[in-house]
There are 2 protein chains.
Amino acid sequence: MFSKACEYGIKAIIYIATQSLKQERVKIGDIVENVGSPEAFTAKILGALTKHNIVKSYTGPYGGFEIERDSMKSINVADIVFAIDGESIYNGCGLGLSECNSAKPCPMHDKFVKVRSELKKMLQTTSIYDLAQGVKSGRTILIR
Amino acid sequence: MFSKACEYGIKAIIYIATQSLKQERVKIGDIVENVGSPEAFTAKILGALTKHNIVKSYTGPYGGFEIERDSMKSINVADIVFAIDGESIYNGCGLGLSECNSAKPCPMHDKFVKVRSELKKMLQTTSIYDLAQGVKSGRTILIR
DNA sequence: CATATTTACGACAAGTTTATCCTAATAATT
DNA sequence: AATTATTAGGATAAACTTGTCGTAAATATG
């Protein structure tokens, strides 16, 4: 469903958020150790997320990544997916037609639009803060 | 959402079905002309769908592809996706954890399972026959 | 200012999906 | 049997995604 890049990005952001809740900046090494993703690739993805202002990064000693409490509450999974994969997941015809709308729909248009808008809604209403709280409480896990 | 292979496969099957409703076998050239997909790649996908008994193929003059009326009604989009992409779309953790279930879920597990099961249900309740009727009636289109 | 620590970034490599090409197998017609 | 029309299938190529590596830039500390 998601690309690997998205999977790694979402998990990294959640992990950073859990540590930021404890006022702790995390280094890339900590992140990949705790989410089980390849280091260099994850670093590249975090670079993109930094540019999109989803996470803040600091170079040098005592540097690393962090997310402000405010951001954590306002940023949702849809923002992360958009920053990494663009809007391709949300737009475009399910069967690949160059144009497809209710006036001239592909055979699956109506049903496809319905489930996709549910997916979009789900991603938009799932905040990083909530996900981080789940991990913090021990109810959910980031690695296995 | 779907792979290109699935997009081409679904469209090809729908087109074959519309022609089978008129008792006409179709050649690969007709198919790609009417759904706008690359010929050799589409032929390969149809080979897989033939092996899975989703479509019937005949070599030689007057050969081509056809789908029986019965099959058309019993086969749904989920069957096509399964034949091409396997069950990977339906199973597996949304964040890529090797194991993920309600006992030890990833942070997105519950919400993810919900939308995915809606997707699965949608695919399972969408028959080729219905999709072909939509195209036949002119209400929906396969190429643009 | 030198050193150590950390992210940034670009080049490259490996793997997967998508796409093409060529030949073989099958079957209908003459 | 020869010819022609068609799918089957393997080898190869191109494009995209995933992953690695090395060096540069930034910054804290002594």
Side-chain angles (χ1 to χ4, degrees), chain A residues 1-13 15-16 19-20 24-33 35-67 81 83-86 88-89 92 95-96, chain B residues 1-13 15-16 19-20 24-33 35-67 81 83-86 88-89 92 95-96:
Chain A
M1 186 86 91
F2 297 129
S3 63
K4 282 289 168 194
C6 271
E7 289 181 6
Y8 299 155
I10 295 169
K11 287 191 288 188
I13 293 293
Y15 179 71
I16 296 167
Q19 300 311 103
S20 289
E24 283 184 17
R25 248 177 222 175
V26 285
K27 291 171 284 199
I28 185 67
D30 290 328
I31 297 171
V32 303
E33 201 176 301
V35 311
S37 59
E39 179 161 327
F41 191 37
T42 305
K44 184 171 297 188
I45 295 160
L46 282 173
L49 295 174
T50 301
K51 277 194 183 165
H52 279 81
N53 294 310
I54 285 172
V55 68
K56 289 206 168 178
S57 72
Y58 302 88
T59 57
Y62 297 90
F65 296 90
E66 69 178 40
I67 302 181
V81 172
I84 297 171
D85 280 353
S88 55
I89 312 176
L95 295 183
Chain B
M1 187 86 91
F2 297 130
S3 63
K4 283 288 167 194
C6 272
E7 290 180 6
Y8 300 156
I10 294 168
K11 287 192 288 187
I13 293 294
Y15 179 71
I16 296 166
Q19 301 311 103
S20 288
E24 285 184 15
R25 248 176 222 176
V26 284
K27 291 170 283 198
I28 186 67
D30 290 328
I31 296 171
V32 303
E33 200 176 304
V35 312
S37 59
E39 178 160 329
F41 190 38
T42 304
K44 186 166 296 189
I45 294 160
L46 281 172
L49 294 175
T50 301
K51 278 194 180 163
H52 279 80
N53 293 311
I54 285 171
V55 67
K56 290 206 168 177
S57 72
Y58 301 89
T59 56
Y62 297 90
F65 296 90
E66 69 177 41
I67 302 180
V81 173
I84 297 171
D85 280 354
S88 56
I89 312 176
L95 296 182

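Please read all numbers here as calculations on a predicted model, not as lab measurements. Sequence lines set the chain letters: A, B, ... in the order given, protein chains first and strands last, and positions in each chain run from 1.
- In this structure, A:Phe65 atom CZ and D:dA26 atom P are separated by 16 Å, rounded to whole Å.
- Proximity of A:Ser57 to the phosphate of C:dT6: no side-chain N or O atom is located under 4.0 Å from OP1 or OP2.
- The minimum heavy-atom distance between B:Ala12 and B:Leu46, with the atom names listed, is CB-CD2, 4.1 Å.
- The CD1 atom of A:Ile13 lies 8.0 Å from the CD1 atom of A:Ile31; values are rounded to the nearest 0.5 Å.
- We find that A:Lys56 and A:Glu66 are not joined by a salt bridge, their nearest charged nitrogen and carboxylate oxygen being 4.0 Å or further apart.
- Spacing between atom CD1 of A:Ile28 and atom C1' of D:dG22 amounts to 17 Å, rounded to whole angstrom units.
- The nearest pair of heavy atoms linking A:Ser57 to A:Thr50 is OG-CG2, 3.5 Å.
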Quick one: do A:Val35 and A:Thr42 satisfy side chain to side chain contact (heavy atoms under 4.5 Å, CB included)? Show the steps, please. CA-CA 10 Å; A:Val35 311; A:Thr42 305; 5.5 Å; no

Base-contact (B) and sugar-phosphate-only (S) positions in nucleotides 14-30 of chain C, heavy-atom cut-off under 4.0 Å, - elsewhere: ----SBBB----BBSS-

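- We find that CZ of A:Arg25 is positioned 11 Å from P of D:dT27, with the value rounded to whole Å.
- As a whole-Å value, the separation of A:Lys27 NZ from C:dA8 P is 15 Å.
- For the pair A:Ile54/A:Ile67, no side-chain contact is recorded, criterion being any heavy-atom separation below 4.5 Å from C-beta on.
- Contacts of B:Val26 with the nucleic acid, taken as non-hydrogen atoms under 4.0 Å apart, involve only primed sugar atoms and P, OP1 or OP2.
- Protein atom CG of B:Leu46 is 10 Å distant from nucleotide atom C1' of D:dT7, rounded to whole Å.
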